[in-house]
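Let me begin by presenting the structure, written as structure tokens, before commenting on it.
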Amino acid sequence: MFRIPPPDAEGKPDLAAFEAGTTYADHFLHPFLQALDMLGVRPRLVYNHEAYAEGRYVEHVRTALKERNRVREIIESISGRELADAWWPYSPVDERGCMDGLTVTGFDDTHVHWSAEDGRSGSCDYTKGEGKLPWRLDWPAKWCWLDVTCEAFGKDHGTTGGSYDTGAELCRLFGSEPPQGLTYEWISLRGQGAMSSSAGTTVGPIEALQLVPPEILRYLIASTKPAKAIEFDTGMGLVNLADAYERLLRHDLEAKLEDEELSRRKRVAIEDDISATRLSSVEERSVRPGAVGVTFRHLAMLAQIRSSNDEVWGMIPNEGVDRTEFDARLDRMRHWIASHHFPDEMRVGIREEPNSERLANLTAEEENLRKALIANFEQSQEEGWTEANLSANVPDAAREVDLPLREAYRLTYELLLGVDVAPKLAPLLAAMEPSRVLRLMRGV
RNA sequence: GGGCCUGUAGCUUAGCCAGGUAGAGCGUCGGGCUUUUAACCCGAUGGUCGCGGGUUCGAACCCCGUCGGGCCCGCCA
């Protein structure tokens, strides 16, 4: 894959890009590595084509060739499939760089001999990487020379008789103990396909990271058992996920653990939460992750009522908050809000017309409250339509007519927005035209 | 055809490998909170553990079967 050109927008070979040094492998690897970087994963990369060229696989290739029958027996007995008579545990590459249609005819200490369908024949030097092991052998050989102790893989490899099972036995044939295996289920984007590193596109994770803070994406994975399928919900599920994560961060989990009265079950649950939050952190840091002055949910509202980042910045307790990180967060939020993923129930919508249905059914108390509110709003209009002036309007009116605060807010929301629960009212009011607020309150 | 994973409260799920009174968060409902970060605090509500058998003093857990969802059985990586 490092020797062929990348696909262009239409999926055809892009020779111009290839000339410039981008390969087919780069094309798919780049966005994947970019996603890893955003998630705080800093891998050490080992390029397989280089490893072959450097001779890392020589011993394994030689063993596989010499033990051809044993290798065949392992694969056939464990996977239950039958290999063709002409099968060899090595895939030679011809002088044109092609692997198709070549039949192995023999081997010696350094070369594998082959013949092609069209009558050509040749030899390739396996100490120089002029060919490779088939995947089922390549994987365990890699475990050996890299001393892999734990290998996680998708469920497609984890089934009985799958490539991990055959690999484990082949690994022993190569002289090493196989790594601890860990099978994980797949992650899918709700309504879309799987997010997979090998099944083609890496658009999934990249797209997800344009909407979600990386620590929340990490939390999604860290808080789910590997064998459980994750359906990543980019709508309301994301808000709930962020809520759950931020709620965990607010609690001092370590202190809770010191309670001697805890049942074993509860203790384990808290320990799991500690692990999940620790694994969710993108960077090693002394400050708890997510300490950015504003919750995901609240930011979703602020981003909708203020279009300038500076204004939003001024609306949160921003002491000690990194401005760059905050802007990145806010930009992601705006991107999400602008996308089709953003749930309608999170959209802050001001009524176009008065809620005449509700206005016609006010109790006497509610009517009193409405009048008091109108008076307060009119006063604010004269003294200055600012958040500071507006914030006392509802509590003052509620006290005046002796109505519980919650109900006063509920009624105000119903008249202005048409829903009975909404974000903090004052900033919302401040962002509205006074005449519009009064019209909706008066109902004319 | 053979095999692997999965199904627990309205939602997200822990517990299953090593059987011992089904736990949690969200939601909902009630209460608290003299400015609401869709916040916070307190309380309550809610489960035939997919279904049917079996083993056991005792089964969400072990065994057999069955239904639903996903996957594997490539000279692909």
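Keep in mind it's a predicted model, so treat the numbers as computed, not measured. Lettering follows sequence order; numbering is per chain, from 1.
Taking atom P in both C76(B) and G65(B), one finds a spacing of 36 Å when rounded to whole Å. Rounded to a whole angstrom, the distance from the P atom of G74(B) to that of A9(B) is 38 Å. Nucleotides G58(B) and A22(B) have their P atoms positioned 15 Å apart, rounded to a whole Å. Separating the C1' atom of U37(B) from that of A44(B) is a span of 26 Å, rounded to the nearest Å. Using C1' as the reference atom, G68(B) and U21(B) are 31 Å apart when rounded to the nearest Å. For the C1' atoms, the distance from U12(B) to C73(B) is 34 Å, rounded to whole Å. Separation of the P atoms belonging to G20(B) and C67(B) is 30 Å when rounded to the nearest angstrom. Between C49(B) and C61(B), the distance separating the two C1' atoms is 10 Å to the nearest Å.
Closest contact between the side chain of Asn240(A) and the listed nucleotides U35(B), C26(B), A77(B) involves C26(B). The nucleotide whose nearest atom lies closest to any side-chain atom of Arg136(A) is, among C73(B), C71(B), C76(B), C73(B). Distance from the side chain of Ala227(A) is smallest for C5(B) among the nucleotides U34(B), C5(B), C71(B). In the set G25(B), A38(B), C72(B), the nucleotide with an atom closest to the side chain of Thr159(A) is C72(B). Across G70(B), A38(B), U35(B), the shortest atom-to-atom separation from the side chain of Met346(A) is found for A38(B).
In this structure, G19(B) makes no Watson-Crick or G-U wobble pair, since no nucleotide meets both defining distances under 3.5 angstrom. The partner of G1(B) is C73(B), judged by Watson-Crick or G-U wobble contacts that both fall below 3.5 Å.
Between the CG atom of Leu249(A) and the P atom of A39(B) there is a distance of 17 Å, rounded to whole Å. Atom CH2 of Trp186(A) and atom P of G70(B) are 12 Å apart (whole Å). Rounded to whole Å, the distance from CD on Glu387(A) to P on U37(B) is 10 Å. Glu185(A) places its CD atom 12 Å from the P atom of U13(B), with the value rounded to the nearest Å. The interatomic distance linking Tyr24(A) (OH) with A77(B) (P) rounds to 12 Å, in whole Å. For Ile270(A) and G25(B), the CD1 to P distance is 11 Å, given to the nearest whole Å.
Here Lys228(A) does not reach the OP1 or OP2 of G70(B): none of its side-chain N or O atoms lies under 4.0 Å away. Between Lys225(A) and G15(B), a side-chain N or O to OP1/OP2 separation shorter than 4.0 Å is present. Contact annotation: His298(A) side-chain N/O to A39(B) OP1/OP2 distance is not under 4.0 Å.
Taking the centre of each ring, Trp114(A) and Tyr90(A) stay at or above the 6.0 Å mark. Side-chain rings of His157(A) and Trp135(A) approach one another, their centers coming within less than 6.0 Å.
A heavy-atom distance below 4.5 Å is found between the side chains of Arg120(A) and Glu95(A).
Ring geometry for Tyr164(A) versus Trp143(A): interplanar angle of 30 to 60°, hence tilted. Ring planes of Phe174(A) and His60(A): perpendicular class, angle over 60° (limits at 30 and 60°). Below 30°, between 30° and 60°, or above 60°: for Phe153(A) and Trp139(A) the angle between ring planes is above 60°, a perpendicular geometry.
Within the 4.0 angstrom heavy-atom criterion, base atoms lie near Thr295(A). Here Ser91(A) lies out of heavy-atom contact (under 4.0 Å) with every strand. Residue Lys142(A) is classed as having no contact, given no heavy-atom separation below 4.0 Å to the nucleic acid. Within the 4.0 angstrom heavy-atom criterion, no nucleotide atom of any strand lies near Ala244(A).
Comparing Ala426(A) and Pro134(A) against RNA chain B, the residue whose closest nucleotide sits nearer the 5' end is Ala426(A). The residue among Pro395(A) and Thr160(A) whose nearest nucleotide of RNA chain B is located toward the 5' end is Thr160(A).
Within 6.0 Å of CG on Asp118(A) lie more than 12 heavy atoms contributed by other residues, nucleotides or ligands.
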